[in-house]
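Written below as structure tokens is the structure these notes are about.
Throughout, a chain's letter reflects where its sequence line sits, starting with A, and its residues are numbered from 1. What you see is a predicted model, and the numbers here were worked out from it, not measured in a lab.
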Amino acid sequence: MTRQEILTELKKVIAPYTTNKEMLAHINEDTDLIRDLKINSANLVDIMIDTEATYKIEIDYDSADKMMNVGTCIDVISEKLK
Amino acid sequence: MISTGNDIVSLNAIDVARTKQHRFYSKIISASEKLLYDSPEFGIIPFENFVWLLWSIKESAYKFLQRTRYDLVFNPIKFEIDQLNIPAGFKTVGFNAEGINGCGFVNGPVLKGTISTGANQFYSRSLIYKEAIMTVLGCCENFNNTYWGIKKIATSDYDIQSAAVRTLLIEQLQKVLPFNELTISKSEWGIPVLLSSENDTRIPVSLSHHDHFIAYSFQLPD
């Protein structure tokens, strides 16, 4: 999958957990999950679980440390898909 | 540094079925923390509430550390609850008031914990209601000068919650600080601090909101 294809799918994963639909519509690799998309931290585990199910990957504890924004989420997913 | 970390979880907003799934809770609590739940004294707390109790303690520690480690990512499994004491005869009660404010934790059933991550150790105090769990955390065991508050508000809108928790905190600060024109500002890294037009002291404050609940904590010098 290309980074753009991953981004398109990731946007669907994130959608149920953000109320900032305008920011979601303009999501890019610099978008911060908490500060920009206003996602409550309590939903971050939901996003991780849904990401694992969508891409059929397992996100280990060290990888989870890297998932700060959309770009680093795509980095982790790309690495796991290899 | 005189500081606190604080977190609130609305139990009406959690997904109970999902929280009970191993693939979910294993990202929040470790195997040894799961064993803690299996001890008899915790049997009166539903497992999903236990998971979110530990989450609130760990997130409070993360918020404390974030003041000096700006690029820290919250990864709950990297915070370890070393001890968690539940008072004898503990019983969960309803959050029957619109709001509660306190200083220290001398009254009421409070869960006391110690938590570590790397070389850092913290002390926590948690309150569990039927509707919400709130934790305040600091780096020393003395909470005598730690102020905290919880309020239930009508809306769960993110921006309104954010404004409401600031208003609540300013109201309480003005009761204990001799300054006017208090404002809550955010540092370059998004960390909240209290500013006064009459004093250059920057007091770290911790704010949280989830669903219909908002909460704050701060510590004043002795």
Side-chain angles (χ1 to χ4, degrees), chain A residues 10-27 29-80, chain B residues 5 7-15 17-19 21-30 48 51-52 54-56 58-60 62-63 66 69-80 117 132-133 155-162 186 188-191 208-214:
Chain A
L10 189 59
K11 192 173 165 182
K12 293 177 195 167
V13 169
I14 291 169
Y17 304 109
T18 179
T19 53
N20 194 342
K21 302 301 181 195
E22 190 181 336
M23 184 62 86
L24 184 68
H26 299 98
I27 194 170
E29 294 209 13
D30 293 326
T31 306
D32 187 287
L33 300 182
I34 293 176
R35 285 180 196 150
D36 297 328
L37 291 172
K38 312 286 188 200
I39 292 170
N40 193 292
S41 61
N43 288 129
L44 293 179
V45 178
D46 289 303
I47 290 174
M48 209 178 294
I49 297 288
D50 292 349
T51 300
E52 287 182 333
T54 299
Y55 299 99
K56 297 183 172 53
I57 57 175
E58 186 172 341
I59 299 170
D60 55 83
Y61 306 136
D62 289 331
S63 297
D65 267 353
K66 299 170 188 162
M67 298 172 74
M68 298 173 71
N69 59 26
V70 170
T72 52
C73 288
I74 294 173
D75 290 342
V76 168
I77 295 164
S78 302
E79 185 63 31
K80 298 291 177 189
Chain B
D7 185 52
I8 191 156
V9 174
S10 169
L11 294 174
N12 294 321
I14 65 168
D15 185 331
R18 179 169 255 200
T19 302
Q21 291 171 9
H22 179 265
R23 66 188 184 119
F24 186 90
Y25 72 73
S26 63
K27 295 200 183 300
I28 298 175
I29 69 173
S30 66
E48 64 273 19
V51 172
W52 287 105
L54 267 56
W55 168 280
S56 78
K58 293 177 179 206
E59 175 145 20
S60 297
Y62 162 72
K63 287 165 93 170
Q66 203 186 20
R69 292 170 58 185
Y70 309 118
D71 59 349
L72 190 66
V73 176
F74 181 39
N75 189 348
I77 209 71
K78 295 202 168 174
F79 294 79
E80 185 73 23
T117 180
I133 294 171
T155 176
S156 58
D157 178 86
Y158 189 101
D159 292 328
I160 294 174
Q161 284 180 323
S162 183
K186 278 199 168 183
E188 181 187 355
W189 302 101
I191 312 298
S208 59
H209 47 90
H210 186 212
D211 190 35
H212 288 272
F213 284 94
I214 58 177

Top contributor to chain A interface from His209(B), Arg18(B), Gln21(B), His210(B) [non-hydrogen pairs under 4.5 Å]: Arg18(B)
Check ion pair Lys80(A)-Asp60(A) (N to O, under 4.0 angstrom): yes
Of all pairs that satisfy salt bridge (charged side-chain N to carboxylate O under 4.0 Å, His left out), the ones with a partner from residues 68-79 of chain A, not counting sequence neighbours: Arg3(A)-Asp75(A), Glu79(A)-Lys82(A)
Residues Asn40(A) and Asn43(A): side-chain donor-acceptor under 3.5 angstrom: no
Aromatic contact, Trp55(B) with Tyr25(B) (centres under 6.0 Å): no
Counterpart residues, side chain to side chain donor-acceptor pair (under 3.5 Å), relative to Asp62(A) (two or more places apart): Lys78(B)
Segment of Glu52(A) engaging chain B (4.5 angstrom heavy-atom cut-off): side chain
Engaged part of Arg23(B) at the chain A interface, taking heavy atoms whose separation is under 4.5 Å: both
Part of Tyr158(B) lying under 4.5 Å from any heavy atom of chain A: side chain
Ile28(B), part contacting chain A, at a heavy-atom distance under 4.5 Å: side chain
Interface moiety of Asp46(A) toward chain B, non-hydrogen atoms closer than 4.5 Å: both
